[in-house]
Amino acid sequence: MATISTRLVNSSIRKLRLVVCGVAKRRLYQTVSAARHISGIGGENKQKFIPTALQPRYFQTSSALQEVVQFKLSDIGEGIREVIIKEWYVSEGDKVSQFDSICEVQSDKASVTITSRYDGIIKKLHYDVDGTALVGEPLVDIETEGAISHKQEEDVEVDISSKEQRLEDHAMQMTTSGRKVLATPAVRRLAMENKIHLKDVEGTGKDGRILKEDITRHIESLDHGVSAFTGKQVAPQAPISPPKADRAPAPTPIPILRAPAPVGKDYTQPIKGMQKAMVKTMSMALKIPHFGYYDEIDVTTLVNLRKDLKKVTEKRGIKFSYMPVFIKAASLALNQFPVLNSSIDDKVENVIVKASHNIGVAMDTADGLTVPNIKNVQSQSIFELAAELNRLQQLGSAGKLGTAELTGGTFTLSNIGSIGGTYARPVILPPEVAIGAIGRIQAVPRFDRDGNVRKAHIMQVSWSADHRIIDGATMARFSNLWKMYLENPTTMILDLK
Ligand code: COA
């Protein structure tokens, strides 16, 4: 069981201490405050941070025992200066308790749930949904009762092992106007994207849980695009996102749940969240001279092998796609060509070859393209990689990928073939130096050694490498080795550590 004991060291935000409010020790899961009232949490899997009143201002209200505390958005590190409010879980006038979820915010790196530090009444939300909240600026005002808990803070040992369950509990519940609303994160996101307030929707699921169908029914019942949330005309917007988790092997028609935006009407939408990160990263990538290398791979044996392995992993509760094998084969090939798992320093004077194979997986999530990475692939089994990929996909579809998952990648694979397509021209993710895009596996005719036509499962791979330090021959040799492992998957056994 992991326990963390901390001591406040200095006022640097990088040196965090764990602080819990004494009144809520039994309910604690993880509270990380930085020195001098700056707080933020970094969790390995999910993240929650609790806004601390930075040099808080207290307003006396009519009752002598009541105070209004102004929370300011705390520093979450990674140089993040602003976040987008994805969803409010509370409204003005709602009663909140410590550790109740207040809102979901999206930085250009991760999605984070903010929880209350106090018991009290929400007096003011400082932003609308989609508003940009700045670090250090007020987020919510809460009227607290009696002596407020910041006076009762004390350093304690924090058991973080119970964090996951509590985060799940919070993710399933929201307080709106005094009643609990049950909905999954995907449903909440759907509601948020369509500016629907969940308390206005009748849930038809168990215990009144709001289902996706309830949201779509609610949208249909709205009077020609008038938002039930704001009461204003909803701007023409993109149709509701199709359920991305239900990805089928063949390209499937996208269900259209709402009429497309009227033709001929321009509208503006801000670039924010993950999209903003994409702008930044891809602009940096433009400076890299890309070298492209393409090949086709006969994965017939692997296709058959996966059928068997899939049955086994299903019994262990893990979905098994081709990706874990692609990833492991890449790691085994990187052992022979470590320069492909490197970065170039800022002055372009040195190549830093990375010891860990932290292989990024381009992921199509509800928040758009994101690239979480699997750490230390070199020391993980294919089954472990499958389990980790399952976990990342679940976090991705819930919009819960955190900084831990999204940073530190050293090499990337993009399986565009899970959506469709044969070739892609992948763009390197700086500071990495190579990336591979995998096309769709297709059953096509090929000749065998005797010249007879046979059915083969063929897949294309497109590599891009930083031509400043990677030459074509190195890329080709790496690709050949990766191809050899995939065409003869049993040979991987020989090189597994
Ligand atoms: N060819 C044929 N079938 C494929 C395939 C491919 N290249 N890749 C995946 N599949 C199959 C899987 O095996 C699985 O089949 P099953 O239902 O029989 O088990 C099915 O498609 C769904 O797979 P998926 O859930 O997508 O898992 P995955 O491990 O193959 O891929 C991700 C995981 C995260 C890579 C994928 O979900 C994703 O997001 N891909 C898009 C990446 C992207 O957007 N790239 C562009 C970057 S610019």
Side-chain angles (χ1 to χ4, degrees), residues 241-252 254 274-275 277-279 281-282 285 290 295-300 302-330 359-374 377 382-401 405-406 409 411-429 432 435-444 456-464 482-483 486 489:
S241 311
K244 301 194 177 188
D246 303 335
R247 205 173 284 112
T252 46
I254 298 169
M274 294 291 183
Q275 231 180 356
M278 198 154 80
V279 170
T281 316
M282 291 299 107
H290 280 58
D295 202 355
E296 85 165 31
I297 297 166
D298 186 337
V299 288
T300 309
L302 177 60
V303 167
N304 293 327
L305 183 65
R306 185 184 83 108
K307 283 183 194 148
D308 295 336
L309 294 177
K310 203 179 159 195
K311 287 180 203 146
V312 178
T313 65
E314 263 165 18
K315 286 188 187 137
R316 298 189 194 176
I318 295 297
K319 193 188 75 160
F320 190 71
S321 65
Y322 300 102
M323 266 318 255
V325 186
F326 298 160
I327 292 168
K328 190 68 194 182
I359 300 192
V361 178
M363 195 172 278
D364 180 38
T365 71
D367 293 321
L369 170 68
T370 183
V371 189
N373 61 78
I374 301 183
V377 172
I382 291 176
F383 177 74
E384 285 169 334
L385 296 177
E388 176 63 355
L389 187 60
N390 280 202
R391 187 184 76 84
L392 294 176
Q393 276 184 285
Q394 277 160 16
L395 288 178
S397 55
K400 296 274 178 192
L401 284 166
E405 288 89 19
L406 294 170
F411 181 92
T412 296
L413 288 177
S414 172
N415 181 12
I416 195 71
S418 70
I419 299 174
T422 311
Y423 306 96
R425 186 179 162 273
V427 180
I428 295 165
L429 274 184
E432 296 171 22
I435 182 172
I438 295 156
R440 173 155 215 83
I441 300 169
Q442 299 175 83
V444 290
H457 290 275
I458 299 294
M459 176 185 95
Q460 268 72 23
V461 65
S462 316
W463 300 105
S464 290
W482 188 71
K483 173 175 168 156
L486 296 184

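Keep in mind that the numbers below use all heavy atoms, side chains included, and drop hydrogens, waters and symmetry copies. Whatever order the structure lists ligands and atoms in, that order sets their numbers, starting from 1.
- Here is the list of ligand 1 atoms found below 4.0 Å of a heavy atom in M363: 34 (C), 39 (O).
- Residue Y322 approaches ligand 1 through these ligand atoms, each under 4.0 Å from one of its heavy atoms: 13 (O).
- Between Y322 and the choices V303, I327, L486, V299, the side-chain contact (heavy atoms from CB on, under 4.5 Å) rule is met once, by V303.
- Remark: ligand 1 atoms within the under-4.0 Å shell around heavy atoms of I416 are 43 (C), 45 (N), 46 (C).
- Atom CD of E384 is separated from atom NZ of K328 by 8.5 Å, given to the nearest 0.5 angstrom.
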Pair E388-R391, salt bridge (charged side-chain N to carboxylate O under 4.0 Å, His left out): steps then yes or no: CA-CA 5 Å; E388 176 63 355; R391 187 184 76 84; 2.9 Å; yes
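- Heavy atoms of Q442 stay at 4.0 angstrom or farther from ligand 1.
- With R306, Q460, K319, Q393 as candidates, the residue nearest to atom 14 (C) of ligand 1 on a non-hydrogen basis is R306.
- In this structure, the separation between CE on M282 and CG on L429 is 5.0 Å, given to the nearest 0.5 Å.
- Once rounded to the nearest 0.5 Å, the distance linking CE of M323 with CG of L392 reads 10.5 Å.
- The residue from G421, A362, S321, G420 that puts a heavy atom closest to atom 35 (C) of ligand 1 is A362.
- Annotation for ligand 1: atoms under 4.0 Å from non-hydrogen atoms of G439 are 7 (N).
- Taking CD of Q393 as the reference point, atom CG of D364 lies at 10.5 Å (rounded to 0.5 Å).
- A distance of 10.0 Å separates CD1 of I297 from CG of L302, quoted to the nearest 0.5 Å.
- Taking a cut-off of under 4.0 Å to the non-hydrogen atoms of L369, the atoms of ligand 1 that pass are 47 (C), 48 (S).
- Not a single N or O atom of V361, backbone or side chain, sits closer than 3.5 Å to an N or O atom of ligand 1.
- Within the listing of ligand 1, atoms 5 (C), 7 (N), 8 (N), 9 (C), 26 (O), 36 (C), 38 (C), 40 (N), 41 (C) sit less than 4.0 angstrom from a heavy atom of S418.
- Between the side chain of W463 and the main chain of D295, no donor-acceptor pair closer than 3.5 Å is present.
- The shell of residues lying under 4.0 angstrom from ligand 1, judged by heavy atoms, includes K310.
- Atoms of ligand 1 found under 4.0 Å from any heavy atom of M323 (numbered from 1 in listed order, with element): 28 (P), 29 (O), 30 (O), 31 (O).
- Looking only at distances, a side-chain donor or acceptor of T313 sits under 3.5 Å from a matching main-chain atom of I318.
- When only interatomic distances are considered, the shortest N/O to N/O separation between L389 and ligand 1 does not fall below 3.5 Å.
- Atoms of ligand 1 lying under 4.0 Å from any heavy atom of S414, numbered from 1 in the order shown and given with element: 45 (N), 46 (C), 47 (C).
- Rounding to the nearest 0.5 Å gives a distance of 9.0 Å between CG of L385 and CZ of F320.
- For the ligand labelled ligand 1, residue A424 lies outside the 4.0 Å heavy-atom shell.
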